[in-house]
Student: 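Here's a structure for you.
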Amino acid sequence: LGHPTGAKPQSAPPPAMRLSFAAAALLAAAQDTVLEAVANSADHSTLAAAVAKVAAVGDLLGGAGPLTLVAPTNAAFDAAAGELGAASAAALLERADLGEILKYHVLAADAKTDPLAAAEMTTTQGMKVTVTVGGDPEVTQVVGSNPAGVTITGKVDASNGVLHTCSDRILLPKPVSAVAAEAADLTVLTEALTKAGLTEALGLQNDGALHTVFAPTDAAFAAYLARRGVTKQVLLEDAELADLLRYHVVDGKTMAGQLVATPMQGTLHGTGKLSVTKDGDVVTVDGVDVPAATRDTLAGNGVIHAVGAVLMPTVVEAVKSVATLSTLASAIATAGLAETLSGAGPYTVLAPTDDAFTDQSVLDTLGVTTVAELLTRADLAGILQQHVVPGLLPSGDIVNGAEFPTLQGETVKATVAGAETKLGDATVTATDSIAGNGRVHTINKVLLPPSLADVAATLGLTVLADLLAAADLAALLSYHITGRVYTVFAPTDAAFNAYFTDAGTTLEGVKGDQEALAAILLYHMVEGVVTAGDTVTGPAATMTGTTVALVQTETQDLVVNGATSSSPNNRAGNGVIHVIDEVLVPPTKNVAGTAVDRGFSSLVRGLEAAELRGLFEMGGTEKFTLFAPTDAAFDAAVTALG
C-alpha cells in the first residue's frame, strides 16, 4: 500500500507482545464496562448472548466493580460444546447451569487483578480456580475442572475491571460427581454412584441439570450395612441400588438456607418424597440431621449436603435395611407386595421381627412347621396386608383405644399402658423408621387376620358353617389347610331356609346326601380373590369345575348368577366372602341337554338317529368336549352331499 512521504515502516511487535484479535477489538472500548466491552466484541457474541440469559451476571458485569473476568471467545464456546456433548455452542446457552458456568468465569467481584499471578482464586460462583504462570515464553493458565485449563491470550481494561481472553475452551466448575469423588468421607457413595451408572447424571454431560445431593457419609453407609447385615459388595450388586441413590438427589441447586420445610420434597426417585424440617438453623431430612459443618459443599451443577444416615425411599427399603426384619423383607417380595409398597402411598408398615415369624403359635395356627413353608402359602399376601395401614401413622398418633384400618380390610386396635404400646396382641418395640412413602414400626408378633371361618361366624352365617362341617369342607375356610385363598359367595341363613322349602327338604335332609351337598357348596367357591370393584364381567370357574357368571355393575355391585351381593368384600386373611340372598344351584344339564337348549336341533336329531344321545347323558363319569355344527352347517352339508 506504500507509506506517506518521509514515513518509515514500523516493525511488528514481538510475538509475546501481540494481542489476540479479540483483545484488539476489546481494546478499542477500554472505557466501556466489562458488560459493554463483551457486547461490542464480535468475537464474543456467544458470551454476550449467554450473559443476556442470566440477569444476575449481566448486572454484575455492568456494575461498579472492580472485577476480573475470564472472557471465552466464540471459538472457546464451540470447543466446549464438544466437551460437554452438546450439539452446538447455542445449545450450551439452554443449560440450567449456565449461570453457574458464567459466574465461574468472574475470578473476583471486588478486585481488578492484572496481571494474573499464580494463585488460587475464589470465583463469584463460590468455587475456586487455580492460576498458573510459567514457561518460556511465559504462559498464563486458569485451571478449573479440566486440568488442561484455559490459556490466557490477552487482556483488555474496562472502566469497572479487566477482561482476560481465552480461545481454547471455557472454564467449567467441577460437577457434583467430581466433588463427591474428591471428598475423603464420601468414598462409598462415589463407588455406589459409579456402580449404579449415575455418575454421568451428576456430571457435566447431563445437559446442564442442577442437583442437590444429600450425601451419606462413609460412616453412614457403614452403619446402614451393619444394620442390614450385608457387605458393601452385596449393596453394590443390589438391583435397587440406583433407586436408593436417586432418593438422595433433588432437582435444582438448593443451599441449606434455602430449604423449605415440607413433608413432600420430590426426588429423582420419583415416588419417594423427602420430609424436610427446619427449626432455626437446625435442618433435618427424614429425621436425619443435616449438620451445619457438612452443608453447602458447592459443585458446578449443584450442591452437596453430607448426612449421617442412608435415607430410605420406600417402606420396602426401610424393611430391607434392618437385619432382624429379613423374613418380612422376603415375605413382601414373595407375596408380590413390593410393587404396591414401593408406590406413592403413604403406607405404615407394622413390621414383625424374624423371631415373630418363628413363634410356634403362629406356625401351628397356619399348619406349617417352618418359616420357609409359611412363605410358600397362597394366603401370604392377605396375612401381610394385615400389617399395612394405608396412610402415614406416626407413633404419636398411636393412642389408647385407637383403631387403624389395614390393607387387608380389618382393623388393628391400639392399647397403651404406661410405656408399653400394643397393636393387636403385638408389642411395639421400635417406632418411626422414616421412608419416602411412609413409616415402619417394629412389632414382636405376627398379626394374623381372621380366617374365612372367623369372618363367616362374625357375619352370622351359621347354616353355611353347619353345612360345610357336614360335607367335611370346613377346613377349606381355616388357615390350617393348604394356604390357598378363596372367594366365597355365601348364602344367608334365610337364603338356605328358602332353598330348603323350595326343594321340599330340610337342613337335616340336605346333610344326608354328602356328595350332592358338597357339589352345592363348592359351586359357591372360586379359588383366588375376586373383589367387588375389581371384578371383570364374565365366567369364573368354581371348585366344581363349572362356572358362575359374574357381573360388575356400573354402581360397583357384584352380581353372581343374577344374585346381587348384599354384603360384598368381607376380607379374610385367606380370601373374601360376598354375602348373597339366594342359594346358587349348580347346572344339571348334560351335553345333550345343553345342545337342545342352545338350538342345535339338527345335531340332536343326528345323535338320536345314531343312538349316541345316551352317551352324553348325565350319570356316567366320562366328560366330553363336543364341537357342535349349527343347523345351518348341517343344511350346507346336505346340499354339498346332494
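For clarity, every value in this text was computed on a predicted model and none was experimentally measured. If you read the sequence from its start, that first residue is 1, and numbering goes on from there.
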Student: Looking at Asn569 and Ala532, would you say the former's side chain and the latter's main chain have a donor-acceptor pair under 3.5 Å?
Tutor: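 Answer holds: yes.
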Student: When rounded to the nearest 0.5 angstrom, what distance separates CZ in Arg484 from CD in Glu527?
Tutor: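 Going from CZ on Arg484 over to CD on Glu527, the span is 5.0 Å.
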Student: Side chains of Leu448 and Ile383: closer than 4.5 Å at any heavy-atom pair?
Tutor: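 In short, these two side chains touch, coming nearer than 4.5 Å.
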Student: Tell me whether the count of non-hydrogen atoms from other residues, nucleotides or ligands lying under 6.0 Å of CG in Asp207 goes above 12.
Tutor: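 Open: at most 12 neighbouring heavy atoms sit under 6.0 Å from CG of Asp207.
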Student: Supply the atom-to-atom distance Thr429 OG1 to Ile443 CD1, rounded to the nearest 0.5 angstrom.
Tutor: 8.0 Å
Student: Give a yes or no on whether the backbone of Ala494 and the side-chain of Tyr499 come within a donor-acceptor separation of less than 3.5 Å.
Tutor: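 Absent.
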Student: Do other residues, nucleotides or ligands put more than 12 heavy atoms under 6.0 Å from Glu200 CD?
Tutor: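 No.
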Student: So, the side chain of Asp289 versus the backbone of Val282: is there a donor-acceptor pair under 3.5 Å, distance only?
Tutor: no
Student: With side-chain hydrogen bond (donor to acceptor under 3.5 Å, both in side chains) as the test, pick out the partner of Asp238 among Gln233, Lys195, Arg228.
Tutor: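 Single pass found, and it is Arg228.
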Student: Please tell me whether Thr284 and Thr277 have a donor and an acceptor in their side chains that are separated by less than 3.5 angstrom.
Tutor: yes
Student: Could you go through Ser361 and Asp364, starting from their C-alpha distance and side-chain angles, then the distance that decides it, and tell me whether this counts as side-chain hydrogen bond (donor to acceptor under 3.5 Å, both in side chains)?
Tutor: CA-CA 5 Å; Ser361 64; Asp364 289 345; over 6 Å; no
Student: Show your working on salt bridge (charged side-chain N to carboxylate O under 4.0 Å, His left out) between Glu191 and Lys232 and close with a plain yes or no.
Tutor: CA-CA 10 Å; Glu191 192 173 353; Lys232 182 179 75 171; 2.9 Å; yes
Student: Is the backbone N or O of Leu447 less than 3.5 Å from a side-chain atom of His387, with the two atoms forming a donor-acceptor pair by type?
Tutor: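 Yes, the answer is positive, given that a donor and an acceptor are paired below the 3.5 Å cut-off.
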Student: Please test Thr327 against Asp354 for side-chain hydrogen bond (donor to acceptor under 3.5 Å, both in side chains), starting from the C-alpha separation and ending with a verdict.
Tutor: CA-CA 5 Å; Thr327 301; Asp354 292 348; 3.2 Å; yes
Student: Answer yes or no: is there a side-chain heavy-atom contact under 4.5 Å between Ser177 and Leu193?
Tutor: no
Student: Please determine which of Thr542, Asn561, Thr546, Thr547 meets the side-chain hydrogen bond (donor to acceptor under 3.5 Å, both in side chains) test together with Tyr523.
Tutor: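 Passing option: Asn561.
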Student: Heavy-atom distance under 4.5 Å between the side chains of Val316 and Leu337, does that happen here?
Tutor: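 The answer is no, as the side chains (C-beta and beyond) never meet within the 4.5 Å cut-off.
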Student: Any sub-3.5 Å donor-acceptor pair from Asp218's side-chain atoms to Val188's backbone N or O?
Tutor: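 At least one qualifying donor-acceptor pair exists.
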Student: Do you know the tightest heavy-atom contact between Leu325 and Pro352?
Tutor: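 Leu325 and Pro352 have their closest heavy atoms at CD2-O, 3.5 Å.
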Student: Return the minimal non-hydrogen interatomic distance between Gly382 and Pro449, and the atom names on each side.
Tutor: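 Taking every non-hydrogen atom into account, O-CG, 3.8 Å.
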Student: For Ala351 versus Val440, what's the shortest heavy-atom pair and its separation?
Tutor: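 Closest approach of Ala351 to Val440: CB-CG1, 3.8 Å.
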Student: Not counting sequence neighbours, which residues clear salt bridge (charged side-chain N to carboxylate O under 4.0 Å, His left out) with Asp355? List them please.
Tutor: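 Residues passing salt bridge (charged side-chain N to carboxylate O under 4.0 Å, His left out) with Asp355: none at all.
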Student: Counting N and O atoms only, with roles assigned by atom type, does the side chain of Asp379 sit under 3.5 Å from a partner on the main chain of Gly575, one being a donor and the other an acceptor?
Tutor: no
Student: Is there a side-chain contact (heavy atoms from CB on, under 4.5 Å) between His441 and Ile398 once you walk through the steps?
Tutor: CA-CA 11 Å; His441 306 304; Ile398 304 176; 4.0 Å; yes
Student: If you measure from CG on Leu375 to CZ on Phe357, what distance do you get to the nearest 0.5 Å?
Tutor: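 Answer for the CG-CZ pair, Leu375 versus Phe357, is 7.5 Å.
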Student: Flag the pair His248 / Phe214 as yes when their ring centroid distance falls below 6.0 Å, and as no otherwise.
Tutor: no
Student: Test your reading of the model: is there a side-chain donor-acceptor pair from Thr487 to the backbone of Val576, 3.5 Å cut-off?
Tutor: no
Student: Asn437 and Thr271: side-chain hydrogen bond (donor to acceptor under 3.5 Å, both in side chains), yes or no, with the steps?
Tutor: CA-CA 7 Å; Asn437 67 343; Thr271 299; over 6 Å; no
Student: For the residue pair His524 and Phe496, categorise the inter-ring angle as parallel (less than 30°), tilted (30 to 60°) or perpendicular (more than 60°).
Tutor: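 Because their plane-to-plane angle lies in the 30° to 60° range, the rings of His524 and Phe496 count as tilted.
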